[in-house]
Protein chains: 2
Amino acid sequence: MHLNSIVITSFTVRDIRWPTSLDNIGTDPMNLAGENSFGYLQYTTSVDGLVGTGWSFANGQGNDVLCTAIKSLAPRLIGRTLGSLIENMGVTQRKLQSGQIRFMSPERGVLQLATCAVLNAVWDLWAKAEKKPLWRLVADFTPEEFVRVIDFRYLSDVLTPEQALEMLREQEKTKQDRLKEALANDAVPAYNTSAGWLGHSDDKVRELLADAVKQGFRHFKLKAGLGLETDRKRLGFVREVVGKEGILMVDVNQIWDVDEAIEYMKQLSDIGIWFIEEPTSPDDILGHAKIRAALKPYGMGVATGEHVNNRVMFKQLLQAEAIDAVQLDALRLASVNEILAVLLMSAKFGVPVVPHSGGAGMVELCSHISTIDYVVVSGKKSILEYTDHLHEVFEAPATVTKNGTHVTPTVPGYSCDVKEAQFAEFECPNGTFWKSEMGQKMLNDPWRGTLGEQTS
Amino acid sequence: MHLNSIVITSFTVRDIRWPTSLDNIGTDPMNLAGENSFGYLQYTTSVDGLVGTGWSFANGQGNDVLCTAIKSLAPRLIGRTLGSLIENMGVTQRKLQSGQIRFMSPERGVLQLATCAVLNAVWDLWAKAEKKPLWRLVADFTPEEFVRVIDFRYLSDVLTPEQALEMLREQEKTKQDRLKEALANDAVPAYNTSAGWLGHSDDKVRELLADAVKQGFRHFKLKAGLGLETDRKRLGFVREVVGKEGILMVDVNQIWDVDEAIEYMKQLSDIGIWFIEEPTSPDDILGHAKIRAALKPYGMGVATGEHVNNRVMFKQLLQAEAIDAVQLDALRLASVNEILAVLLMSAKFGVPVVPHSGGAGMVELCSHISTIDYVVVSGKKSILEYTDHLHEVFEAPATVTKNGTHVTPTVPGYSCDVKEAQFAEFECPNGTFWKSEMGQKMLNDPWRGTLGEQTS
């Protein structure tokens, strides 16, 4: 199928929300209740049955803002051929974000999420048209093709297209070996966070952890930050269950000031923690660098990324030596093209990429991304978060092997398609769940998921 | 009137857009056509005729996204008393941005703009209830009251409430003198950008500049970045018109990479330029620091701020010694409370605040902000941009004196109210302008204001 013969003809945007807060999934110190939600875009094409699906993520309230933003950008691609769009994805990204709408928040916030949804749909369409899972589409690129999908604007002080080419050519030499590992589901080790949501009781955490150990997991991430005594108790029994070899990570979701983070974490240094995730504002590059420098003598690292909006922020986190793991989020960046730029920079600085996958569908997308990182870019095995909720809603769900590795995707596309039946129940506001008494109560609470008393 | 007796009872959100692109107002290298637009919020209260008005700014397309975001946050204040909201504005700000919606883009992008609109309405209401223009409400605060309106989260590594108190108490000693200057319209010198939009012809620029010099202006800002030859020619005749004493600033709206900015600006060093504004991505703190260090030997400074989303980013720009002027935007930050935090940090680092006021209504708001900066915080005169379009649409328009200073606002409130008659013509999509053939053509172009060829 010639890509120039595939024309984008129309689109739909749907607001779908799963009531995950009812199971305490996604609770953390900043968000006491979250409903995993998508602004869900589908492009139809001139080829019967060939659709491009892309979505971006919200946590319940605000998903309508995301949908409005997607509706604002999506018309830009109507009438375009797939061939013209993918000829230079870097240019497509830049053009998509240009014009009047750019003024609102260039490459940040809701506009960035909407851009991601639109470009995810293009990548999904491209991979489907080539009849390959997305990771394989990218793994089969020549270094020149790889570099052409990236917008290097604002990056040239740390990474030029020429330097990127050189890095990719070096990895080419051994790519076939890693490709074989990927095809054998042995490219991306998993780590577990499902046990660590704050809403769970201690017994529930113990039980989930023991199960995870049995499943072969070796890395575990726990929510923390509710007071030293509580954290010490919780992390103490976690260490007991996972043993000395278990690798622990702790996540506090931005609750601290810089010096506060340093003082607090020093007091947990005896527990053995690989990194503290999101210790402070995700915008505070210099703050993360200060925390990292202060905790290094205590054997603890620093990580952030799930709220890092673009390649320029990641560039600086790397330049400032602020992080030990790049926790990029596949929805927060402007789709695969911008993610590839971050993979390249991370490899250049020698920092492992450990994508954020704490929400519905993120594991589906990131299993492509982590596979690309290993096979094509860094050549080093990293780990990828595995949360075990809502996989059943996808046409091509993510799974893990008995050895605690991610199963490499095989279905053509970017694994974005949600089963159509889900919309009858969970489309907002007209799905049956959201029309129910419980759903209405949740939707009509303007303060849902906030902290503390709001009425006085 | 006791503030606890004023209850917020309902709200309206309206999308208003002025077709400024038809006059080439707001054109720059990144935005070839902009329609100055507001997401316009009004809260009604239990007191007849007392409304709180707040808006945030967009540049045309995307204003509906902003309105959707405001509609998502605005219900949170229904039923609240003004007294409870202003008891601690820092806490009000934090609560307003918390919960599920926070996940989309904490303190960034469209959510930050929407927060600004909501809190602007609270500040407007507060000042109206106290029958004072906003700047005077704040100028009459004790240092303790001033500090209480600020959310210091993420700032304590550079500024604690105690340090802020000390700074404000020091300025208290001489505040009365500066207050007198403010009341005599001699607190805030103006500078001129209306001459510099890229869309204007050379003759038009010459004519506008000569007028501005006659009006007493001494500072002039020009758009640039369209090639060295063009820029040298334009800046050359500008220097001719404004004389040796004229202070020139240049704005390129983020078009360059870091090293490109350095190389380009070095070649303009003979013209005599105070600062280059927005040389690169507004997120690139380390990049601005590098550019500033490189241009310093050439006598040129660096400025940014109109796209800087929050106090954490400004904190770092100051920490990294990246800028010579803090160009905060009154709509980009989360209203007066967050702006005051940035004023304090700027004063602490000794960097002048030169607010961005390039869009409709921004001068109206910033004449309050710059007055507060001089009278209460820095005690040093800075300058404030004056663009002369669309003042006539406001109930309390900003004006300048014959001496080239801003007239200090006298009308109670935050000068946010737009004349009701404007909505009949410019509310989108139903105002008469937007229903016209021209209006429909502009609205239905998904690519309006973008650069280059979009269709192939």
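Residue numbering restarts at 1 for every chain, and letters A, B, ... go by the order of the sequence lines.
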Side-chain ([X]) to main-chain ([Y]) donor-acceptor, under 3.5 angstrom:
X	Y	result
B:Arg332	A:Met104	yes
B:Asp257	A:Ser156	yes
B:Gln319	A:Leu286	no
A:Arg108	B:His307	yes
B:Glu107	A:Asp283	no

Which heavy atom in [X] sits nearest to a heavy atom in [Y], and how many Å separate them?
X	Y	value
B:Val65	A:Ala69	CG2-CA, 3.6 Å
B:Phe103	A:Asn59	CB-CB, 3.6 Å
A:Ser281	B:Val312	OG-CG1, 3.7 Å

Polar side chain donor-acceptor pair, A:Gln100 to B:Arg17, under 3.5 angstrom: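 The answer is no; no qualifying pair exists.
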Test log, rule side-chain hydrogen bond (donor to acceptor under 3.5 Å, both in side chains), inputs A:Gln254 and B:Arg102: CA-CA 12 Å; A:Gln254 316 166 17; B:Arg102 185 178 187 281; 2.8 Å; yes
B:Lys71 and A:Asp64 ion-paired at < 4.0 Å: no
Spacing of B:Tyr154 atom OH and A:Asp284 atom CG [to the nearest 0.5 Å]: 9.5 Å
Side chain to side chain donor-acceptor pair (under 3.5 Å) partners for B:Ser72, two or more places apart: none
Residues forming a salt bridge (Lys or Arg N to Asp or Glu O under 4.0 Å) with A:Arg448, sequence neighbours excluded: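 A:Arg448: salt bridge (Lys or Arg N to Asp or Glu O under 4.0 Å) contacts with A:Glu35.
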Contact origin within B:Asn310 toward chain A - heavy atom pairs under 4.5 Å: side chain
B:Ala74 versus chain A, the contacting section by heavy-atom distance below 4.5 Å: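 When you check distances to chain A, no heavy atom of B:Ala74 falls under 4.5 Å.
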Contact check, side chains of B:Lys315 and A:Val258, non-hydrogen atoms, under 4.5 Å: yes
